[in-house]
Protein chains: 2
Amino acid sequence: MGEYGQFCPVAKAAEVLDQRWTLLVIRELVTGSTRFNDIHRGVPRMSRSLLSKRLNSLVGEGLVERREGDHGPEYILTPAGQELEQVIEVIGSWGIRWPGHLSDHDLDPALLVWDMHRRVDPDAIPPRRTVLGLTFHGVTPEERDWWLVLEPEAVDVCEHDPGFGTDLHLETPLHTMVGIWRGELGWNDAVRSGDLRFEGPSTLRRAVPTWFLLSPFATVERPPANRPDGRT
Amino acid sequence: MGEYGQFCPVAKAAEVLDQRWTLLVIRELVTGSTRFNDIHRGVPRMSRSLLSKRLNSLVGEGLVERREGDHGPEYILTPAGQELEQVIEVIGSWGIRWPGHLSDHDLDPALLVWDMHRRVDPDAIPPRRTVLGLTFHGVTPEERDWWLVLEPEAVDVCEHDPGFGTDLHLETPLHTMVGIWRGELGWNDAVRSGDLRFEGPSTLRRAVPTWFLLSPFATVERPPANRPDGRT
DNA sequence: CAGGATCCGATTAGATACTG
DNA sequence: CAGTATCTAATCGGATCCTG
């Protein structure tokens, strides 16, 4: 990769943003992750060595500052980097409207759960610790079961049963949950169609849809008919 | 390159836009070029075979439609492609504010003149044919001299003297003209500093700054001090 | 004008292993 | 936890030449 040899601002920006994975790393930083491992959880399929390299590049280009925090290194967006939030927003808004539908390979449960964990509305969840169990269909056995430990101060993701009881359990094909996450169908639609099932007290069941803020792009308006085959 | 394996809209968009040169090709299409050679003049350092390949990809992804026009093939943005104008705008606005300063390699006179030719204000130029000669310093001999033939109906770029007389001549270092183009200094600043010199009738001289609309990003507001070294 | 085909060199990204 | 180092296979892009 590299340079374009153009004075055009679009070209100069592209020289930075074009690089594979760079836009997604920036998305993570814009989202608020600052620690290496947190950033990596947002781009799990990126090798750690490449992530390291990209972060260094971003520091060199003045978009990111690396700080030695009390608990280890932190990566913070500089003013130049912060302004890329606009870019992420516009690209994401386009990206949910137009590109073709998702392949199975795009449906990564680890990523979904990680996303869910950081879009919890602390004011909506119960005041005391609540464990939400998740079971996805259509995935490998290791990716089937997840737990979210919800507390107003912090939310944790577990790949194994945390052990102190599950208050509510949710079971659904992965693509249905992703569809909900992307705003392509509502919680209730999924329940009514039988694709999504809860197990647990009905007060909790009814409350779940308020707990999660969904994808930041879920509310982007969709084109009337963007698919030749008529699918929405 | 290729896929990211993420359902995130930013990732899905990046799979398309990430590709080297793709953003610049889209910029050309957004700008209004439809013919292969016209598009290529906007990305002269891209090989024609790669441009062909990229255009085919864009057609396959539904961003571009290829039509057989009366005068040959035409590439037109689909609705999905047209919406990328927002993306180009935001990226370019960022790109003129933040990335470091231009290297000599970024200063391509052919590109500048091509850009100038399509940002002429037809209402501002003289009603009858006017030939503007340009001489750049700091470039190879072949890139030194250019002519713009301005007519209200059409503007032509020539690498050789078109032969019917030059009404006004402009001489300046290339980087100065690029600076003007990018809105980093004014025409009058350049004249006063002695970097830019006109030869020709003073009525034309005074009118030139109104003829060109400059880069679409020339008017983007700049950060107070984006350079550690204090340069603007 | 509008490309397609081919070849080859340069990069790059992924995998793996290792460190403080 | 937070990376770095190394190696290799794949790919990508540019240059060149060719076609209708």
Side-chain angles (χ1 to χ4, degrees), chain A residues 1-6 11 14-25 28-29 33-61 64-76 105 108 114 156-159, chain B residues 1-6 11 14-25 28-29 33-61 64-76 105 108 110 114 156-157 159:
Chain A
M1 284 272 154
E3 338 239 292
Y4 287 117
Q6 296 202 356
E15 288 177 1
V16 177
L17 305 178
D18 248 2
Q19 303 268 70
R20 181 158 165 82
W21 289 110
T22 294
L23 226 36
L24 304 195
V25 172
E28 290 306 304
L29 293 163
S33 295
T34 63
R35 308 298 305 276
F36 189 88
N37 277 346
D38 284 350
I39 297 167
H40 190 243
R41 292 192 75 168
V43 284
R45 275 153 147 130
M46 183 182 192
S47 77
R48 296 170 65 78
S49 57
L50 186 55
L51 173 56
S52 171
K53 198 169 138 191
R54 285 286 184 276
L55 286 169
N56 285 332
S57 301
L58 291 173
V59 170
E61 286 149 357
V64 171
E65 185 194 340
R66 185 197 146 116
R67 281 188 208 154
E68 278 296 340
D70 292 345
H71 307 290
E74 292 180 346
Y75 297 91
I76 316 280
H105 184 249
D108 182 337
W114 178 248
D156 280 327
V157 177
C158 305
E159 300 189 48
Chain B
M1 284 275 157
E3 336 240 292
Y4 287 116
Q6 297 201 356
E15 289 178 0
V16 177
L17 305 178
D18 248 3
Q19 303 268 67
R20 182 158 164 84
W21 289 109
T22 293
L23 226 37
L24 303 194
V25 172
E28 289 306 303
L29 292 165
S33 296
T34 63
R35 308 298 305 277
F36 189 88
N37 277 346
D38 284 349
I39 297 167
H40 190 244
R41 292 192 75 166
V43 284
R45 272 146 148 137
M46 183 182 193
S47 77
R48 297 170 64 77
S49 57
L50 186 55
L51 172 56
S52 170
K53 198 169 138 192
R54 284 286 183 276
L55 286 169
N56 285 331
S57 301
L58 291 173
V59 170
E61 286 149 356
V64 171
E65 185 194 340
R66 184 196 146 117
R67 282 190 207 154
E68 278 297 341
D70 291 345
H71 306 292
E74 293 181 347
Y75 297 91
I76 316 281
H105 184 249
D108 182 337
W114 178 247
D156 281 327
V157 177
E159 300 191 47

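Reminder, nothing fancy here: chain letters follow the sequence lines and each chain counts from 1. Since the model is a prediction, treat every value here as computed from it, not as a measurement.
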- A:Ser57 side-chain N/O to A:Lys53 backbone N/O, donor-acceptor pair under 3.5 Å: yes
- Message: Whether A:Trp21 contacts C:dG14 is assessed here as follows: a side-chain N or O lying under 4.0 Å from the phosphate OP1 or OP2. Is that the case?
- Response: yes
- Query: Do any side-chain nitrogens or oxygens of B:Arg66 fall under 4.0 Å of OP1 or OP2 in C:dG3?
  - Reply: yes
- Message: Just N and O in the side chain of A:Tyr4: are any of them under 4.0 Å from OP1 or OP2 of D:dG13?
- Response: no
- Task: Using modelled atom types only, decide if a donor and an acceptor are shared between the side chain of A:Arg66 and the backbone of A:Asn56 within a distance under 3.5 Å.
- Result: no
- Message: I need the NE2-C1' distance between A:His40 and C:dG14, as an integer number of Å.
- Response: 11 Å
- Kindly indicate whether the side chain of B:Arg35 and the base of C:dA2 share any N or O donor-acceptor pair separated by less than 3.5 Å? no
- Starting at CZ of B:Arg45 and ending at P of D:dC12, how long is that distance when rounded to a whole Å? 23 Å
- Taking CZ from A:Arg48 and P from C:dT16, how many angstroms apart are they, rounded to a whole number? 15 Å
- Please report, rounded to the nearest Å, how far the C1' atom of C:dT11 is from the CG atom of A:Leu50. 13 Å
- Item | Short side-chain N/O contact to C:dG14 OP1/OP2 from A:Arg20, under 4.0 Å | yes
- Message: Any heavy-atom pair between the side chains of A:Leu24 and A:Met46 that's under 4.5 Å?
- Response: no
- How close or far is atom C1' of C:dA13 from atom CG of A:Leu51, stated in whole angstroms? 13 Å
Give me, pair by pair, the N or O atoms of the protein and of nucleotides 16-20 of chain D that are less than 3.5 Å apart, along with how far apart they are.
none

- Note on the structure: In whole angstroms, the gap separating P of D:dC12 from CE of B:Met46 amounts to 13 Å
- Message: Whether the side chain of B:Gln6 engages the backbone of A:Gly42 through a donor-acceptor N/O pair (distance < 3.5 Å, no angle test) should be reported.
- Response: yes
- Task: Specify the separation, in whole Å, of atom CD of A:Glu74 and atom C1' of D:dG3.
- Result: 16 Å
- Message: Between B:Val25 and B:Leu29, is there a side-chain heavy-atom distance shorter than 4.5 Å?
- Response: yes
- Item | A:Arg54 (side chain) donor-acceptor with A:Gln19 (main chain) under 3.5 angstrom | no
- Task: Indicate yes or no for a side-chain donor-acceptor contact from A:Tyr4 to the backbone of B:Trp21 under 3.5 Å, with no hydrogens or angles considered.
- Result: yes
- When the distance from OH of B:Tyr75 to C1' of C:dG3 is rounded to whole Å, what number comes out? 8 Å
- Just to confirm, is there a sub-4.0 Å distance from OP1 or OP2 of C:dA13 to any side-chain nitrogen or oxygen of A:Arg54? yes
